[in-house]
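Residue numbers count from 1 along this sequence. Hydrogens, waters and symmetry mates play no part in the numbers below; they use all other heavy atoms, side chains included. Keep in mind it's a predicted model, so treat the numbers as computed, not measured. Whatever order the structure lists ligands and atoms in, that order sets their numbers, starting from 1.
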Amino acid sequence: RMYKRLMTCRGDINSLNVPFLALYESLIPPEEEKAKQKQLLTLLEKLVSKEWPKAQLYLYGSCANSFGVCKSDIDVCLAIEETAMDKSEIILKLADILKSDNLQNVQALTRARVPIVKLMDPVTEISCDICVNNLLAVVNTKLLRDYAQVDARLRQLAFIIKHWAKSRGVNETYQGTLSSYAYVLMCIHFLQMRRPAILPCLQEMETTYSVTVDDIKCGYFDEVEKLRDFGRHNKETIAQLVWGFFFYWAYCHDYADSVISVRTGNIISKREKDWTRRIGNDRHLICIEDPFELSHDLGRVVDKSSIKVLREEFERAADILQYDSNPCVKLFEPY
Ligand code: GTP
Ligand code: MG
C-alpha cells in the first residue's frame, strides 16, 4: 500500500502550523500549576521525613519530563534504603503516614505491577501516585527533559501526539495501546531519524552524566545547552513533522522486523533483541526499546487486536492530514 502513495505531503500543509502551535500553547500548564505541585511535594516531604529522615522524594513522569499537559496528576518516587521491609510493606506504611494528615482518598495498591500509594490533596486539588525506589523512571525522566531542551519542535510534536492519542483513545495501556512515555520515545526517535537530524543521540555522545541504577549503567551527554542549535539545518515545520510522524507509523515502519531505539538513534532488528516471538505476555507486535532497561519493550502491552486499532489510527491520521479539508478538527475528533 505504501508504494502506491506519494511520499510527499499536501502542498498547503503549512497552513496547519498556526492551529497546531495554538493547540500546543493551550496545553502548556500555567505557572501556578507548577507552584501547586511544588507545594504538594513539600508537604509530602515533611510527612515522609518524620518516619524516614533519610528518604528522598523525586518527581518523575510528565510533571518533571516537560511533556506534561495542564491538569496532569503527578508521579512521585520515594527513594529509601530500607532493608527490614519489602516494597508492599513500605507502601502500606507510607499510606498510613499519609492518611494521618488531611490528604484524601489515600489508597495503597500493593498488587499492581508497580505498587503505589494513590492520593488527592484537597488544598491543591492535585492527585498523586507515589512509588518506591523506581529510580530508573527518575533517570529516564531526566533523559526526556534533556532531549526537550535540544529542539523546541520535540515538545510541540509530543504534545500534539499525546493530545491526539488521548482524544482517540489509544493512550490506554490496560486496553493494549501505548503509554505516554512510549509516544514520547516515538517522537524522539522520529526526530533523530530526520535528515538532516533534528535531535542527536545523547547516549552515543560523550558521557557527561552517569548513574548506576539496579545494576544498569545509565550514561549520556547532558550538557544540552551546548546543543541548542543542533537541528538548525533542518527547517521542517511542526505541521510537516506531525504529518511525517503519522505517515511513518502508517506506511513506512516495518512492524515485522524493526525495533525503534532512542539509545542508538536508529532502527534495530527484532532478531538482534530476540523479540521475534511471543514470550509469556510479551508479543512484540510494535517494538519500542526502553533507553536504559534494554530488555524492556514499551510495546509489550500491545496485543493482536490493539495493534490493529493502533495501525488504523495512524493511517486515519495520515490520511486526514493528507486529504481532509478540515484536518485539525477531524484529527482530534473523540472516538
Ligand atoms: P501522562 O501522565 O499521560 O501525562 O504522561 P507520563 O509522562 O506521566 O507518562 P506515564 O504515566 O506513561 O509514565 C510515567 C513514567 O513512568 C514515565 O515517564 C517513565 O519515566 C516511567 N516508565 C518506565 N517504564 C514505563 C513503562 O513501561 N510504562 C509506563 N507507562 N511508564 C514507564
Ligand atoms: Mg503520569
Side-chain angles (χ1 to χ4, degrees), residues 24 26-29 33-34 37 40-41 57-79 109 112-120 126-148 154-155 157-189 203 211 213-214 216 218 220 259-263 275 280-303 306 310:
Y24 163 68
S26 73
L27 294 169
I28 297 175
E33 207 174 300
K34 291 271 149 214
Q37 294 177 352
L40 175 55
L41 189 69
L57 292 181
Y58 296 97
L59 287 176
Y60 74 100
S62 65
C63 60
N65 65 16
S66 77
F67 295 101
V69 301
C70 37
K71 304 204 176 66
S72 306
D73 299 349
I74 67 171
D75 298 304
V76 178
C77 170
L78 169 69
L109 305 183
R113 191 181 61 86
V114 179
I116 54 168
V117 176
K118 271 183 148 346
L119 61 90
M120 210 280 281
I126 295 176
S127 299
C128 160
D129 291 349
I130 310 176
C131 65
V132 175
N133 291 341
N134 188 4
L135 288 167
L136 269 180
V138 177
V139 179
N140 68 42
T141 293
K142 174 174 158 59
L143 179 72
L144 264 49
R145 185 172 65 233
D146 286 336
Y147 268 114
L154 170 59
R155 196 167 174 234
L157 177 66
F159 270 48
I160 293 164
I161 300 303
K162 275 178 70 172
H163 182 67
W164 163 83
K166 284 184 211 288
S167 312
R168 299 299 302 166
V170 288
N171 181 206
E172 311 284 357
T173 45
Y174 65 92
Q175 288 177 357
T177 56
L178 298 169
S179 67
S180 297
Y181 177 55
Y183 283 111
V184 176
L185 292 174
M186 289 158 82
C187 291
I188 295 173
H189 179 259
Q203 289 172 274
V211 281
V213 179
D214 306 337
I216 297 175
C218 309
Y220 66 94
V259 176
I260 67 155
S261 163
V262 163
R263 169 184 62 102
W275 284 354
N281 264 333
D282 293 11
R283 295 175 179 84
H284 306 301
L285 300 174
I286 174 172
C287 295
I288 304 160
E289 180 190 62
D290 186 89
F292 299 120
E293 213 182 339
L294 304 189
S295 61
H296 188 41
D297 175 6
L298 274 309
R300 75 194 179 292
V301 290
V302 177
D303 60 33
S306 61
L310 270 174

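- The two atoms that bring Leu185 and Glu289 nearest to each other are CD1-O, 4.3 Å, heavy atoms only.
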Result block: side-chain N/O donor-acceptor pairs under 3.5 angstrom for residues 63-72, not counting sequence neighbours:
unit_1, atom_1, unit_2, atom_2, d
Asn65, OD1, Phe67, N, 2.7
Ser72, OG, Val69, O, 2.7

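- Within the structure, every pair that satisfies the side-chain hydrogen bond (donor to acceptor under 3.5 Å, both in side chains) test and touches residues 130-141, not counting sequence neighbours, is listed here: Asn140-Tyr181.
- Looking at Tyr220 and Arg263, their side chains never bring a donor and an acceptor atom within 3.5 Å of each other.
- Contact detail for Trp275 and Asp297: the closest heavy-atom pair is CH2-CB, 3.5 Å.
- Here the closest heavy-atom approach between residue Gln37 and residue Ile126 is recorded as N-CD1, 3.6 Å.
- Nearest heavy-atom pair, Asn171 versus Thr177, reported as atom, atom and distance to 0.1 Å: N-OG1, 3.5 Å.
- For the pair Val259 and His284, the minimum side-chain heavy-atom distance is 4.5 Å or more.
- Excluding waters, the count of protein N/O/S atoms less than 2.8 Å from the Mg ion (ligand 2) comes to 1.
- Listed as neighbours of ligand 1 are Tyr60, Gly61, Ser62, Asn65, Asp75, Ala137, Asn140, Thr141, Lys162, Lys166, Ser179, Ser180, Tyr181, His296, Leu298, Arg300, each bearing a heavy atom under 4.0 Å from the ligand.
- In this structure, Glu172 and Gly169 approach most closely via the heavy-atom pair CG-O, 3.8 Å.
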